[in-house]
S.K.: 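Take this structure first; my questions come after.
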Amino acid sequence: MVAPAASHSRPDAADLLVWYDRHRRALPWRALPGVAPDPYRVWLSEIMLQQTTVAAVKPYFARFLERFPTVEALAAAPEEAVMGAWAGLGYYSRARNLHACAKAVAEAGAFPDTVEGLRKLPGIGAYTAGAIAAIAFDRPAAAVDGNVERVVSRLYAIEAPIPAARPEIRRLAEALVPQRRPGDFAQAVMDLGATLCTPKRPACALCPWMQPCRARAEGLQETFPRKVKKVAGQLRRGAAFVVLRAGDDAVLLRTRPPEGLLGSMAEPPTSEWRADYDPAQALLDAPLDARWKRLPGSVRHVFTHFPLELTVFLARVAAGTPAPEGMRFTPRPGLEAEPLPGAMKKVLAHALEQKLAAPPPAPAPPPEPDLATLPEPEPPPRRAPLQKVLSRRPAAAAPVVKTTGRGRPKGR
């Protein structure tokens with residue numbers, strides 16, 4: 001419920017729009033001022049941004065547009081190409097719904113321009129329908145994401161915890177939407193929550209809605225929205241089997257069932273994931289008979305509802321070994337095109353790094369002499385310097401006296 005009203009003014013959409021015109025974020029999917037938004041870009045970005053940060057989405061959005069520049073191009077693409085381009089963004093049911101939605105829109109010829117029409121498309125819920133209707137078609141609709149929930153819960157100091165407070169937050173958010181510039185207003189509230197009204201240490205002094213904010217007046221802004229403490233999911237364990245084929249070094253993969261966690265994504269074969277899984281019995285789940293090596297360590301990955309720990313087994317099989325039914329061998333260079341989720345990329349990295357971490361090769365023998373080339377002559381050895389001889393005469397020898405022919409000394 002909403003806290004008792006105090007003497008605060010009502011939040012004014014015009015104040016927020018003045019702030020937005022000065023401080024709006026430059027985002028690759030956001031149309032420039034005065035430019036009509038592209039519904040395809042708006043829809044694609046909103047699907048990608050569900051449960052994902054702006055920083056993580058930017059490179060994926062750019063690659064998607066390059067590969068699928070229109071909704072028709074996305075609709076015509078094979079599912080494995082869409083899943084491969086999505087790999088790494090998580091929540092893979094979004095990618096399947098994205099593809100199904102693209103097909104529906106391409107068949108209809110355009111996106112519906114109302115909340116009601118958008119809600120009928122695969123993968124579009126209340127928030128996404130409101131966001132697309134407001135941003136792409138300027139309909140007076142509320143787009144209530146996590147940022148908006150935080151802003152509204154603080155404006156009105158809503159004491160009920162999320163998720164119980166969501167209907168009340170939506171009602172209040174819808175009442176704030178102006179008839180003029182509803183698309184800019186929707187993006188302005190998102191920007192306010194992302195840049196100023198942040199979860200920790202909000203910059204209230206810079207906020208255009210500081211005066212009407214009840215949580216700010218009470219000094220409790222960081223305590224909203226109220227939330228029920230999450231209970232951590234139970235750890236599950238399992239085994240992953242990485243098979244390398246000799247000759248082409250291809251890796252054995254399979255596609256997960258379309259429904260459920262990581263649906264339609266690629267993976268090296270794995271066992272069940274259970275809390276009581278025993279890795280000592282893992283070879284009973286191996287996809288084929290081989291000399292399996294249990295690798296040291298394990299691979300950990302945290303999903304939304306539970307953490308996972310996988311023991312990795314590695315085996316090499318002979319060249320030409322066929323893949324078991326329902327599986328395929330993918331050459332190493334082709335792994336980038338496979339729709340491998342983050343958890344399975346970790347598994348392959350763990351296995352392939354272990355394979356590469358072999359003992360260093362023996363040193364190469366010295367090269368054979370080149371008998372066609374004469375060796376350069378070695379320089380002669382340097383001799384030690386000779387000592388200088390001052391005289392060969394004994395030091396006590398008498399001086400030589402020249403004589404004349406008669407035997408008398410020659411005068412001087």
Side-chain angles (χ1 to χ4, degrees), residues 80 83-90 92 233-258 260-303 305-364:
E80 54 268 23
M83 300 301 288
W86 189 274
L89 267 177
Y92 295 99
Q234 186 178 22
L235 173 67
R236 300 184 193 179
R237 293 183 172 87
F241 302 92
V242 178
V243 182
L244 299 179
R245 188 167 62 182
D248 56 2
D249 221 21
V251 179
L252 184 66
L253 297 178
R254 70 181 181 187
T255 299
R256 292 178 64 86
L261 186 65
L262 305 181
S264 298
M265 301 301 288
E267 66 169 5
T270 66
S271 68
E272 286 187 273
W273 303 346
R274 304 193 314 264
D276 60 348
Y277 188 82
D278 183 5
Q281 304 296 318
L283 294 187
L284 296 174
D285 298 317
L288 46 74
D289 290 332
R291 296 181 63 183
W292 291 100
K293 176 185 177 183
R294 178 174 175 170
L295 301 182
S298 61
V299 170
R300 291 184 62 91
H301 189 83
V302 179
F303 293 102
H305 302 297
F306 65 92
L308 174 67
E309 184 178 280
L310 293 173
T311 302
V312 181
F313 293 82
L314 177 66
R316 294 190 68 94
V317 296
T321 300
E325 184 178 357
M327 304 184 192
R328 62 190 178 276
F329 276 104
T330 299
R332 293 276 287 275
L335 291 177
E336 292 184 4
E338 291 279 3
L340 289 160
M344 298 308 151
K345 288 181 179 179
K346 291 180 183 178
V347 168
L348 290 178
H350 185 72
L352 299 180
E353 284 175 7
Q354 293 286 345
K355 174 179 174 290
L356 294 176

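Predicted model, so just to flag it, every value in this text is computed and none were measured.
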S.K.: CG of L308 to CG of L235: how many Å apart, nearest 0.5 Å?
M.R.: 7.5 Å
S.K.: What distance do R332 atom CZ and L352 atom CG have between them, rounded to the nearest 0.5 Å?
M.R.: 4.5 Å
S.K.: In chain order, what residues pass the side chain to side chain donor-acceptor pair (under 3.5 Å) check against R256, with sequence neighbours excluded?
M.R.: E267
S.K.: Taking side chain to side chain donor-acceptor pair (under 3.5 Å) as the test, write out the residues that go with D276, two or more places apart.
M.R.: R274
S.K.: Got a sec, which residues hit ring pair (Phe, Tyr, Trp, His ring centres under 6.0 Å) with Y277, two or more places apart in sequence or on another chain?
M.R.: none
S.K.: Can you list everything that forms a side chain to side chain donor-acceptor pair (under 3.5 Å) with D248? Sequence neighbours excluded, please.
M.R.: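 Only R245 meet the side chain to side chain donor-acceptor pair (under 3.5 Å) criterion with D248.
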S.K.: Going by ring pair (Phe, Tyr, Trp, His ring centres under 6.0 Å), name the residues that satisfy it together with F241, two or more places apart in sequence or in a different chain.
M.R.: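 Counting only residues at least two positions away or on another chain, F241 forms a ring pair (Phe, Tyr, Trp, His ring centres under 6.0 Å) with W292, F313.
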S.K.: Between V251 and L244, does a side chain to side chain contact (heavy atoms under 4.5 Å, CB included) hold up when you go through it step by step?
M.R.: CA-CA 5 Å; V251 179; L244 299 179; 3.6 Å; yes
S.K.: Please examine the side chains of V312 and S298, heavy atoms only from C-beta on, and report whether any two atoms are closer than 4.5 Å.
M.R.: no
S.K.: To the closest 0.5 Å, what do you measure between CG (L284) and OG (S271)?
M.R.: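 Between L284 CG and S271 OG, I get 10.5 Å after rounding to 0.5 Å.
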S.K.: Taking the side chain as C-beta and beyond, is there a heavy-atom pair between T270 and R254 under 4.5 Å?
M.R.: yes
S.K.: Under the side chain to side chain donor-acceptor pair (under 3.5 Å) definition, can you give me all pairs with a residue in residues 337-349, not counting sequence neighbours?
M.R.: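 Of all non-adjacent pairs touching residues 337-349, those that pass side chain to side chain donor-acceptor pair (under 3.5 Å) are H301-K346, R328-E338, T330-E338.
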S.K.: Quick one: closest heavy-atom pair of P324 and L288, and the distance?
M.R.: CG-CD2, 4.0 Å
